[in-house]
> 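I have a structure I would like to understand better, so I am pasting it below and will then ask my questions one at a time.
The sequence lines fix the lettering, A, B, ..., with proteins before strands; numbering per chain opens at 1. What you see is a predicted model; the values in this text were computed from it and never measured.
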There are 2 protein chains.
Amino acid sequence: MEGRKLSRRQRERQTQRQEMLAAALELFSEKGYHNVSMHEIAARSEFAIGTLYKFFTGKEDLYKALIREKCERFHQVLTEAIEGAGDEVERLRRYIEVKGAVFRDNVPSIRLYLAETRGASFNIMAGLDREIRERYAQFLDSLAGVFESGFRNGLFRPIGRSFHLAVALDSLCNAFLVLWLEDPEKHPYPEDPDTILNLLFEGLLSTSEGRGGDRRFESH
Amino acid sequence: MEGRKLSRRQRERQTQRQEMLAAALELFSEKGYHNVSMHEIAARSEFAIGTLYKFFTGKEDLYKALIREKCERFHQVLTEAIEGAGDEVERLRRYIEVKGAVFRDNVPSIRLYLAETRGASFNIMAGLDREIRERYAQFLDSLAGVFESGFRNGLFRPIGRSFHLAVALDSLCNAFLVLWLEDPEKHPYPEDPDTILNLLFEGLLSTSEGRGGDRRFESH
DNA sequence: ATGTTTTAAGGTGACGTCGCATTATGAAAT
DNA sequence: ATTTCATAATGCGACGTCACCTTAAAACAT
């Protein structure tokens with residue numbers, strides 16, 4: 001009842017805004033920022049061009065609002081996944097699953113998110129990438145925290161820095177998800193999170209002593 | 001002297017072409033395809049705008065030529081790295097090192113390469129992305145071959161599909177390299193390839209039996 | 001051989017055209 | 001009376017063209 005201080009008018013405006021953003025999202029994710037015109041967005045969202053400019057100062061503003069809101073939402077959901085109950089293994093499993101679900105349910109936004117997060121850091125919009133990446137780095141730290149705490153628990157062996165492991169796990173998920181995005185039939189995202197997790201959990205080398213053991217930590 | 005069947009004129013044109021491509025590479029990697037004009041490329045390469053159009057049919061053609069040549073070169077070098085001598089561990093190590101070196105020495109091209117390879121598959125240029133990705137998939141198969149052969153040798157334990165492991169390793173490298181690209185000071189690419197390799201080699205779980213052992217291969 | 005003319009290819013950059021963001025305007029609606 | 005709509009107008013920047021210089025090599029003349 002505190003949050004309900006919006007008048008009917010204001011609530012209407014909110015939904016209008018959302019409709020505009022939704023239309024823009026579709027178009028941007030289909031064709032990319034530069035290949036979408038404001039007129040298209042207006043047409044798709046069934047508003048007049050002038051009305052768009054009542055809500056956003058311009059195309060750039062519209063795009064930024066879109067990205068910011070989506071990113072914030074994703075990071076929030078993923079952070080919840082890893083900060084919930086359970087031991088570290090369960091939390092990592094949940095992270096993998098939630099990440100998959102988020103992708104599946106938000107393909108259009110994900111395309112944009114990936115473009116900003118994993119692109120070449122100049123692509124779509126100067127400045128915005130920096131902002132998004134900082135938020136992402138922050139999230140990676142949360143993820144690293146899970147490994148950290150697993151180390152303290154003795155659940156995990158200290159085979160690397162927790163930040164590296166966080167990067168590793170997240171990039172594994174992303175790699176699988178990008179493959180899935182390209183061709184869902186051919187590269188389904190693993191239903192069992194352990195398929196991904198085991199890439200980190202199970203040692204690949206046959207002999208943990210013998211052949212590899214001696215070379216592992218010899219240098220540097 | 002068989003290769004020297006180019007006239008002086010033709011050789012000149014080749015260097016001119018290279019100069020144009022070099023200027024374009026700088027600009028594209030600084031600002032992205034859509035934020036660079038042909039006039040800028042002309043200015044930077046110190047040719048007149050009209051001359052560019054003597055060499056390339058248009059901006060798109062120029063960009064494609066650039067990307068194609070760079071990608072081909074990268075894939076070639078990386079394929080050599082994993083197809084050379086040594087056992088599978090050595091070849092993977094060499095891959096990690098070469099990949100790092102390639103990145104370090106080709107930052108501008110790498111930015112474009114990443115945009116095409118790992119972007120959201122709509123970003124820069126329709127059609128081209130598909131082409132590049134196919135070439136990339138082909139490379140991933142080569143990499144998977146290394147794991148495959150490691151399985152046959154008994155050097156690796158069969159903890160997952162070779163293709164997954166290839167994806168995993170490459171995405172690990174990419175993740176570290178992208179971090180490095182953003183902030184070389186803060187996130188140096190590991191000098192010791194084992195830092196990356198061990199993420200796959202060393203099991204993270206404390207007990208390979210106990211807690212995780214029973215759940216590992218239960219489903220699928 | 002050396003100077004001169006020819007001529008075709010190379011190189012230039014102002015300019016045309018077009019698409020698009022953004023603004024303006026008057027009618028319609030709520 | 002304000003918001004939204006429909007449409008047109010404005011302004012800008014980018015691609016790509018083309019008529020015109022410039023160069024250099026070949027043909028010719030001396």
> Can you name the residues that form a side chain to side chain donor-acceptor pair (under 3.5 Å) with B:Arg68, not counting sequence neighbours?
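Once residues adjacent in sequence are excluded, the partners of B:Arg68 under the side chain to side chain donor-acceptor pair (under 3.5 Å) criterion are B:Glu131.
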> Are B:Arg17 and B:Phe56 packed together at the side-chain level, in the sense that at least one heavy-atom pair is separated by less than 4.5 angstrom?
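Of all side-chain heavy-atom pairs linking B:Phe56 with B:Arg17, at least one is under 4.5 Å.
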> Just how far, in rounded Å, is C1' of D:dA14 from CZ of B:Phe28?
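Atom-to-atom, B:Phe28 to D:dA14, this comes out as 13 Å.
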> Quick one, give me the B/S/- string for nucleotides 7-14 of chain C, reading 5' to 3', where B means a protein heavy atom under 4.0 Å from the base and S means that only happens at the primed atoms, P, OP1 or OP2.
---SBBBB
> Expressed in angstrom and rounded to an integer, what is the separation of B:Ile41 atom CD1 from D:dC15 atom P?
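Roughly 8 Å, once rounded to whole Å.
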> Within the structure provided, determine whether A:Tyr189 and A:Ile196 are in side-chain contact (heavy-atom separation under 4.5 Å).
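Yes - at least one pair of side-chain heavy atoms lies under 4.5 Å apart.
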> Take atom CD of B:Glu40 and atom C1' of D:dA14, then tell me their distance rounded to the nearest Å.
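Those two atoms, CD and C1', are 10 Å apart.
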> From NE2 of A:His34 over to P of C:dA21, roughly how many Å is that when rounded to an integer?
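The answer, rounded to whole Å, is 11 Å.
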> Over how many whole Å does the gap from A:Asp61 atom CG to C:dT22 atom C1' extend?
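Going from CG in A:Asp61 over to C1' in C:dT22 covers 14 Å.
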> In the structure I gave you, are the side-chain heavy atoms of A:Tyr113 and A:Tyr136 within less than 4.5 Å of one another anywhere?
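Answer yes - side chains close enough.
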> What is the distance, to the nearest angstrom, from the CG atom on A:Leu27 to the P atom on C:dC20?
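The answer, rounded to whole Å, is 13 Å.
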> Rounded to whole angstrom units, what separation is found between the OH atom of A:Tyr53 and the C1' atom of C:dC20?
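For the pair A:Tyr53 OH and C:dC20 C1', the rounded distance is 9 Å.
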> Write down the distance between CG (B:Asn35) and C1' (D:dG13), rounded to a whole number of angstrom.
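Value for this atom pair: 12 Å.
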> If the condition is side-chain contact (heavy atoms from CB on, under 4.5 Å), which residues does B:Thr51 pass it with, not counting sequence neighbours?
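Residues passing side-chain contact (heavy atoms from CB on, under 4.5 Å) with B:Thr51: B:Met20, B:Phe47, B:Ala48, B:Phe55.
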> With a 4.5 Å limit on heavy-atom distance, are the side chains of A:Leu92 and A:Phe156 in contact?
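Sidechains of A:Phe156 and A:Leu92: in contact.
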